[in-house]
Amino acid sequence: MRAVLLERYGEPSALRPVEVPTPKPQEGEVLVEVRAAAVNRSDVLNVRGSFPMTTLPRIPGRDFAGIVVEGPEDLLGREVWGTGGGELGFTRDGTHAEYVTLPRGAAVPVPEGLDLEGAGASGLAYLAAAMGVMDLGGISAGETVLVTGAAGGVGSAAAGISRWKRASLVIGAVRDGSEREAAGKAGAGVVIDTSRENVPEAVMAATEGRGVDLVLDAVGGPLFEPCLNSLAQRGRMVVLATVGERRVSFDLFDFYRRELRLLGLMTSRLDAAGSGDVLRSLLPGFEAGILRPPPVAGRYPLEQAGEAYSRVESGEAGGRVLLVMD
């Protein structure tokens with residue numbers, strides 16, 4: 001089979017597919033013919049050597065959607081999707097290949113109404129969003145939510161999940177006006193353009209001065225303190241990324257006086273089967289038509305993997321980037 005093979009760390013733009021043996025599933029595993037696989041920022045960082053747990057040589061890639069061609073009879077021929085948590089692409093071969101072996105629990109049936117490309121774009125985005133909004137964030141019906149990067153993969157998924165879980169208001173923060181429409185389609189009832197608006201002031205205006213119960217911050221860096229200042233009394237904030245500056249500052253007196261909670265999220269704490277369990281919990285939302293795949297900015301054949309990785313690394317994709325297999 002053809003696969004992207006990471007033999008040494010370096011420039012993602014240099015990636016090219018090579019011929020490698022097709023893997024054989026072991027007991028309790030399935031063999032999936034991959035049809036679409038997103039390129040995540042973590043895949044790019046993996047190629048650059050940012051994850052010490054990665055063992056080489058390694059096929060990278062966390063997200064997948066495809067068809068089960070070997071495995072239990074009840075799954076044969078089924079369309080499945082999923083993501084790898086901290087396993088696929090790091091300690092076992094990943095999904096940027098024509099075939100991948102997976103634990104059976106990692107292969108989630110594709111819900112009706114979601115095609116393979118949409119499923120291939122959704123894995124890690126929805127895993128991170130669900131862990132942030134539902135697991136760590138503990139969202140309840142009637143609460144208000146602020147999501148940063150609301151036009152991106154994780155942000156749009158978080159806005160959709162919040163709406164599905166009956167948040168009374170979802171506020172989406174975007175980097176400029178060009179992303180306003182995408183954030184609205186994802187489920188944000190109010191959209192803040194951070195290039196022109198003060199985030200805490202806009203949040204307070206939208207919540208009658210109360211603030212939000214939950215923030216999912218998929219941007220970090222310069223938005224960290226404004227998001228923290230947008231919380232209501234006893235609000236909680238989940239952070240899963242940082243753009244630019246890694247160090248932040250905030251008013252500690254204000255933090256404990258308002259009894260705020262700050263939580264960090266790492267999707268890599270789950271393995272592929274655990275990631276599958278999280279995605280299964282979202283199937284009713286997809287089947288109801290409330291949860292939708294993130295926007296896709298580009299589709300690349302495996303031969304152009306280097307270009308796909310470079311586009312993700314540039315940060316200018318404006319949506320998910322897919323590797324698609326014929």
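Sequence positions, counted from 1, serve as the residue numbers for this chain.
The side chain to side chain donor-acceptor pair (under 3.5 Å) contacts involving residues 227-247 comprise Glu143-Arg236, where partners must be two or more places apart or lie in separate chains. Within the structure, every pair that satisfies the salt bridge (Lys or Arg N to Asp or Glu O under 4.0 Å) test and touches residues 36-61, not counting sequence neighbours, is listed here: Glu11-Arg48, Arg48-Glu313, Arg58-Asp93.
Here the straight-line distance linking atom CG of Asp254 with atom CG of Leu260 works out to 6.5 Å at 0.5 Å rounding. How far CZ of Phe255 is from CG of Leu262: 5.5 Å, rounded to the nearest 0.5 Å. How far CD of Gln26 is from CG of Leu31: 11.0 Å, rounded to the nearest 0.5 Å. Taking CG of Leu169 as the start and CZ of Arg163 as the end, the distance is 12.5 Å to the nearest 0.5 Å. Leu15 CG to Glu7 CD: the interatomic distance, rounded to the nearest 0.5 Å, is 10.5 Å. Atom CZ of Arg175 and atom OG1 of Thr194 lie 9.5 Å apart (nearest 0.5 Å).
A side-chain donor-acceptor contact under 3.5 Å links Thr144 to the backbone of Asp213. Without hydrogens or angle criteria, Arg292 side chain to Gly160 main chain gives no donor-acceptor distance under 3.5 Å. Checked by atom type and distance alone, the side chain of Asp193 pairs as donor or acceptor with a backbone atom of Gly177 at under 3.5 Å. Distance alone, capped at 3.5 Å, places no donor-acceptor pair between the Arg62 side chain and the Ser42 backbone. Side-chain N or O atoms of Arg35 include none that pairs as donor or acceptor with a backbone N or O of Leu116 at under 3.5 Å. Side-chain N or O atoms of Arg320 include none that pairs as donor or acceptor with a backbone N or O of Pro293 at under 3.5 Å. Under the 3.5 Å distance criterion, the side-chain polar atoms of Glu87 are matched with a main-chain donor or acceptor of Ala272. For the pair Asn46 (side chain) and Thr54 (backbone), a donor-acceptor distance under 3.5 Å is absent. Proximity of a side-chain donor or acceptor of Arg280 to a complementary backbone N or O of Gly276 within less than 3.5 Å is detected.
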Q | Worked verdict on Leu270 versus Met131 for side chain to side chain contact (heavy atoms under 4.5 Å, CB included) | A | CA-CA 10 Å; Leu270 295 180; Met131 292 174 69; 3.7 Å; yes

Q.
Go through it in stages, so that I can follow the logic: the residues are Asp135 and Arg269, the test is salt bridge (Lys or Arg N to Asp or Glu O under 4.0 Å), and I'd like the CA-CA distance, side-chain angles, deciding distance and then a yes or no.
A. CA-CA 13 Å; Asp135 179 17; Arg269 69 177 167 87; 2.7 Å; yes

**Q.** Leu302 vs Met325, side chain to side chain contact (heavy atoms under 4.5 Å, CB included): CA-CA, chis, key distance, verdict
**A.** CA-CA 7 Å; Leu302 202 59; Met325 274 54 91; 4.0 Å; yes

(Q) Before you tell me yes or no, could you show the steps for Leu114 and Glu79 under side chain to side chain contact (heavy atoms under 4.5 Å, CB included), namely the whole-Å CA-CA distance, both residues' side-chain angles and the distance that decides it to 0.1 Å? (A) CA-CA 10 Å; Leu114 188 63; Glu79 293 185 346; over 6 Å; no

Q: Tell me, with the steps shown, if Asp74 and Arg104 meet salt bridge (Lys or Arg N to Asp or Glu O under 4.0 Å).
A: CA-CA 11 Å; Asp74 63 314; Arg104 174 178 174 156; 2.6 Å; yes

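Taking every heavy atom of both residues into account, Thr91 and Gly86 meet most closely at OG1-O, 4.2 Å. Between Val191 and Gly184, the closest heavy-atom pair is CG2-N, 4.1 Å. Nearest approach of Thr101 to Leu88, heavy atoms of both residues: O-CD2, 4.4 Å. Across every non-hydrogen atom of Gly306 and Arg16, the tightest pair is CA-NH1, 4.2 Å. Ala157 and Ala125 make their closest contact through CB-O, 3.8 Å (heavy atoms, listed as atom of the first residue, atom of the second, distance). What you find for Pro222 and Pro226 is that their closest heavy atoms are O-CD, 3.3 Å.
For CZ of Arg166, the number of neighbouring non-hydrogen atoms (other residues, nucleotides, ligands) closer than 6.0 Å is 12 at most. Annotation for Arg78: atom CZ does not count as buried by contact number, only 12 or fewer foreign heavy atoms lying within 6.0 Å.
Residues Arg92 and Pro103 meet the side-chain proximity criterion, which asks for heavy atoms closer than 4.5 Å. In this structure, the side chains of Met1 and Val20 come closer than 4.5 Å at one or more pairs of heavy atoms. A 4.5 Å side-chain heavy-atom check between Val108 and Leu283 finds at least one atom pair inside the cut-off. Residues Met134 and Val278 fail the side-chain proximity criterion, which asks for heavy atoms closer than 4.5 Å. Counting heavy atoms from C-beta outward, His96 and Tyr309 have side chains that approach closer than 4.5 Å.
Other residues sharing a hydrophobic cluster with Leu322 under the 4.5 Å side-chain heavy-atom criterion for ILVMFWY residues are Val296, Val324.
Residues Ile290 and Val154 fall within the same hydrophobic cluster, defined by Ile, Leu, Val, Met, Phe, Trp and Tyr side chains chained together at heavy-atom separations under 4.5 Å. Cluster annotation: Leu214 and Val147 are assigned to the same hydrophobic cluster (Ile/Leu/Val/Met/Phe/Trp/Tyr, side-chain heavy-atom contacts under 4.5 Å, transitive). Both Leu265 and Leu279 belong to a common hydrophobic cluster when Ile, Leu, Val, Met, Phe, Trp and Tyr are linked at side-chain heavy-atom distances under 4.5 angstrom. There is no path of hydrophobic side-chain contacts, each under 4.5 Å, that joins Phe90 to Val39. Tyr126 and Met266 end up in different hydrophobic clusters when Ile, Leu, Val, Met, Phe, Trp and Tyr side chains are linked at under 4.5 Å.
In this structure, Phe250 and Phe224 have tilted ring planes: the angle between them lies in the 30° to 60° band.
Taking the six-membered ring for Trp and the full ring otherwise, Phe286 and Trp81 have centroids separated by under 6.0 Å.
Partner Val32 forms a side-chain contact (heavy atoms from CB on, under 4.5 Å) with one of Ile67, Val69, Val80, Leu75 and no other, that one being Val80. Of the listed residues (Leu127, Leu124, Asp63), just one forms a side-chain contact (heavy atoms from CB on, under 4.5 Å) with Ser275, and that residue is Leu127.
Under 4.0 Å is where a charged nitrogen must lie from a carboxylate oxygen, and between Lys185 and Glu181 at least one such pair does.
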